[in-house]
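Data block below; observations after.
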Amino acid sequence: MKRNQYIILFVILLALSGICILLDNYIKSDGLLINLATEFFGIILTIYFVDRIFKYYENENWKGVDLKIKRYIQTLFNKTITSIRLAFGLSLEDLCDPKILMRSFGQADMRLMENELVRISKEILEPTALTNLNKMDTKGYKILNDELMGAYESAERIIVIFGSKLSAKQFELLLDIQDCIRGINIQQTTWPDYFGVLVESLPEGGRIPAEEFQQQLYEHLGVEIKNLLSMVRQLYTVIEANEG
């Protein structure tokens, strides 16, 4: 039972109990109505505790699945940040604390590496997004598109495999991440002659100067990249909070 269902049932039984107690003052029932009021409370308590026991065993049975969901989401988190880092041409060795990097090979220390990825995405990738987009060539944009579409498919697998066991927030963030990646893909496939192309090779004859239009595309893409990084951090935070 859901919490609001318990509240409705409790209110109904409380009202019935009140009616029984009130009627007992006017009708000589030899305690029958008082006993009936007590029975109402006994029913709701029995239902509540039985429901709690079933939920406890259900949660125990699904613990392994919950762990798998966490691992899949962590993989998506790592892949998305790595996709952007690779496209920007940034080496993990140059961005990461060497001590954490060396310890990250053990499963027990993976959280250290993931927390470091959170820091890198927030303190390095986001603030430098537009600068790096301006520096990237067509190869870098291909890496960005291909790698992020891999992250899109990872999100799709999580939804298909674990959809019924995901929390509403997890489901919402996964869909938002997919929408953002789809938007990034659409921009690049719509304007392939602008992304990563040298100024002298840009198309000519448009209503807007080609260099100005290219900069607008970069700025818009930069916003999408920042939004995507923020979403995957939120998703990572959600699973860590659920574990706690």
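No experiment lies behind these values; they were computed from the predicted model shown.
Contact check on Glu123 versus Arg119 returns a salt bridge, with a Lys/Arg side-chain nitrogen under 4.0 Å from an Asp/Glu carboxylate oxygen. Between Glu126 and Arg233 there is a salt bridge, with a side-chain nitrogen of the basic residue lying less than 4.0 Å from a carboxylate oxygen of the acidic one.
The heavy-atom pair separating Ile81 from Ser121 by the smallest distance is CD1-CB, 3.9 Å. A pairwise comparison of heavy atoms in Ala151 and Ile181 identifies CB-CD1, 4.0 Å as the closest pair. Scanning both residues, Ala210 and Pro203, for their nearest heavy atoms gives CB-O, 3.2 Å. In terms of heavy-atom proximity, Ala155 sits nearest to Gln178 at CB-CG, 3.8 Å. The minimum heavy-atom distance linking Phe162 with Lys68 is given by the pair CZ-CB, 4.0 Å. Taking all atoms of both residues into account, the shortest heavy-atom contact from Lys165 to Ile69 is CB-CD1, 3.8 Å.
Taking the side chain as every heavy atom from C-beta outward, Lys79 and Glu153 never approach each other to under 4.5 Å. Here the side chains of Tyr194 and Tyr218 are not in contact, with every heavy-atom distance at 4.5 Å or above. Side-chain contact between Leu92 and Ile120: present, with at least one pair of heavy atoms (C-beta onward) separated by less than 4.5 Å. Proximity of Asn132 to Ile225: side-chain heavy atoms (C-beta onward) are nowhere separated by under 4.5 Å. Residues Leu228 and Leu148 have side chains in contact (heavy-atom distance under 4.5 Å, counting atoms from C-beta outward). Between Gln234 and Asp176, the closest side-chain pair of non-hydrogen atoms is not below 4.5 Å. Side-chain contact between Gln214 and Leu202: present, with at least one pair of heavy atoms (C-beta onward) separated by less than 4.5 Å.
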task: For side chain to side chain contact (heavy atoms under 4.5 Å, CB included), just list the numbers for Leu173 and Val232, CA-CA rounded to whole Å, side-chain angles, deciding distance to a tenth of an Å, and then say yes or no.
output: CA-CA 8 Å; Leu173 284 169; Val232 293; over 6 Å; no
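The closest side-chain donor-acceptor pair between Arg85 and Thr82, if any, does not fall under 3.5 angstrom. Judged purely by distance below 3.5 Å, without hydrogens or angles, the side chains of Gln74 and Glu114 pair a donor atom with an acceptor atom. Under the 3.5 Å distance criterion, with hydrogens and angles disregarded, no donor-acceptor pair is assigned to the side chains of Tyr152 and Asp179.
Tracing side-chain contacts under 4.5 Å through hydrophobic residues (I, L, V, M, F, W, Y), one never reaches Leu217 starting from Leu198; they form parts of separate clusters. Under a hydrophobic clustering in which Ile, Leu, Val, Met, Phe, Trp and Tyr are joined whenever their side-chain heavy atoms come within less than 4.5 Å, directly or via other members, Val118 and Leu86 fall into different clusters. Follow the hydrophobic side-chain contacts under 4.5 Å out from Met231 and you never reach Ile186; the two are in separate clusters. Under the 4.5 Å side-chain heavy-atom criterion for Ile, Leu, Val, Met, Phe, Trp and Tyr, Val223 and Ile124 are members of distinct hydrophobic clusters.
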What donor-acceptor contacts under 3.5 angstrom involve side-chain atoms of residues 138-146, with partners at least two apart or in another chain?
unit_1 : atom_1 : unit_2 : atom_2 : d
Tyr141 : OH     : Leu133 : O      : 2.7
Lys142 : NZ     : Asp146 : OD2    : 2.6
Asn145 : OD1    : Asn185 : ND2    : 2.7

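None of Asn115, Thr80, Asn78 except one satisfies the side chain to side chain donor-acceptor pair (under 3.5 Å) rule with Tyr236; the exception is Asn115. For the side chain to side chain contact (heavy atoms under 4.5 Å, CB included) criterion with Ile158, the lone passing option out of Ile177, Leu174, Leu235 is Leu174.
Going from atom CD1 of Ile208 over to atom CD of Gln215 covers 13.0 Å, rounded to the nearest 0.5 Å. To the nearest 0.5 Å, atom CZ of residue Phe195 and atom CD of residue Gln187 are 5.0 Å apart. Between the CD atom of Glu219 and the CD atom of Glu224 there is a distance of 13.5 Å, given to the nearest 0.5 Å.
Counted within 6.0 Å of CD on Gln216, heavy atoms from surrounding residues, nucleotides or ligands total more than 12; the atom is thus considered enclosed. Other residues, nucleotides and ligands contribute only 12 or fewer heavy atoms inside 6.0 Å of the OH atom of Tyr72.
Between the side chain of Ser230 and the backbone N or O of Lys226 there is no donor-acceptor pair closer than 3.5 Å. No donor-acceptor pair under 3.5 Å is formed between the side chain of Thr128 and the backbone N or O of Thr131.
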